[in-house]
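Heavy atoms only: backbone and side chains are in, while hydrogens, waters and symmetry mates are out.
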Amino acid sequence: MEEIENAVQKKTADLEHMAEVLITGEQLRLRLHEEKVIKDRRYHLRTYPNCFVAKELVDWLLDHKDATDRNMAIKLVQKLLDHSVIHHVCDEHKEFKDAKLFYRFRKDDGTFPLDSEVQVFTRGQRIYEKLMTTENYLMQTREEEGVKYQRAFVASEFVDWLIQEGEVALRSEGEQLCCRLLEHGIIQHVANKHRFVDGNLLYQFRMNFRRRRRLVELLNESVSLAPDSHESPFCLRKQNPDNPNTSFLSVSPTKEIKIGSAVRRCSMSSSCGSSGYYSSSPAPSSSPPLLSNPKSVLKRSVTTEELLAPGAPYTKKTLTIVGDAVGWGFVVRGNKPCHIQAVDPSGPAAIAGMKVRQFVVSVNGLNVLHVDYRTVSNLILTGQRTIVMEVMEEINF
């Protein structure tokens, strides 16, 4: 019995790792397209569409700090090749070589092998995105056995929704699909005690498809996931709190330590950080503990009354932020008023003029000066890809 259980756990871990590789690969593909690393290339009078030069990719990974040296870069890309995410344009090289050879993402030439496992993954991602981009009543703060869980859904209501959305035709099909999603680590029972049953038990999405992955995660065979959280799909904090110049990375907080909300929305995200979650449910035992809670960037607390007082040293700005393939790229924190805790320097928010220590006045025309960051996050995550935000900042900021 124990051997069977271990085999099941190993299979689930393998499926989760496969899913993480596919997501990470897709995020990299989008980045490379955006920066024109992937493009049509000619060799010996023949054009090879949508490909990249291996040596140029290694250079690019080093330039963007995705790898510390060329050997590491080769290992990272080899992971993608091993999982059939990329291939040599003529399929003549089974190993990734740091040379002037053409490689291509299989998604760009339609040769990606859609086996049954990958189909479950892609279907789970489509369902997740549909839930995240449309208003729905399913994912709410709910209670089971005296414990409250954020963004939980009732099994029977989820099956109803699948039928309504045309994902399945029958309840039996819906239950079978949900069982597969659970086996693949995409959803789980809130307390991780039950398989999927079409009834009144509560479940959550365990996999956050929008989490911005770091390529170095490809070298980690073990996958550590926490239940997704509505407040914080992409939390950032300093790598080293004592060094103000370090880049931001995301963290997975435990139940006791809460991280400020970040808003980073995407269909398939890119690199720079890993997932952060804010959840009332205990994190899996495999999740690394959080050692420190990021401090507020505000020099002092400011009230709404101070911001709005006549002659106050603050000026209002309107920012239009268009989410890209990665998302928006900023961290919201605080309460009445909320403030900008961090900004991804390469994200759309930074391009639109967002800065840390700005105060959030409105989101898409709705005044948010008297709400907390959870409400602000909710407005953004349930809205459109383009958001219009009014912010206030100190004069001569």
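Side-chain contact annotation: Q204 with H189, donor-acceptor N/O pair under 3.5 Å absent. Side-chain N/O atoms of H33 and N50 include no donor and acceptor closer than 3.5 Å. Under 3.5 Å, the side chains of E95 and H93 contain no donor-acceptor pair of N or O atoms.
By the 4.0 Å N-to-carboxylate-O rule, K130 lies close enough to E167 to be salt-bridged with it. Between K336 and D372, no side-chain nitrogen of the basic residue sits less than 4.0 Å from a carboxylate oxygen of the acidic one, so the salt-bridge criterion is not met. Salt bridge present: R104 and D109 bring a charged side-chain N and a carboxylate O closer than 4.0 Å. With salt bridges taken as basic N to acidic carboxylate O contacts below 4.0 Å, none links E34 and R29. With respect to R357 and E393, no salt bridge is recorded, no charged nitrogen being found less than 4.0 Å from a carboxylate O. Ion pair E145/K193 flagged as a salt bridge, since at least one NZ, NE, NH1 or NH2 atom sits closer than 4.0 Å to an Asp/Glu carboxylate oxygen. In summary, E165 and R126 do not engage in a salt bridge, as defined by a charged side-chain N under 4.0 Å from a carboxylate O. Salt-bridge check for K107 with E26: passed, with a basic side-chain N closer than 4.0 Å to an acidic carboxylate O.
No more than 12 heavy atoms of other residues, nucleotides or ligands lie within 6.0 Å of CD in Q176, so this atom counts as exposed by the packing criterion. Within 6.0 Å of the CD atom in Q164, the count of heavy atoms belonging to other residues, nucleotides or ligands exceeds 12. Around the CG atom of N200, the shell of radius 6.0 Å holds no more than 12 heavy atoms that belong to other residues, nucleotides or ligands.
In terms of heavy-atom proximity, M389 sits nearest to I387 at SD-CD1, 3.9 Å.
Between Y43 and F102, the angle of the ring planes goes over 60°, which puts this pair in the perpendicular group of the 30/60° scheme. In this pair, F96 and F52 present their aromatic rings tilted. The plane angle is within the 30 to 60° band.
Looking only at distances, a side-chain donor or acceptor of Q358 sits under 3.5 Å from a matching main-chain atom of K355.
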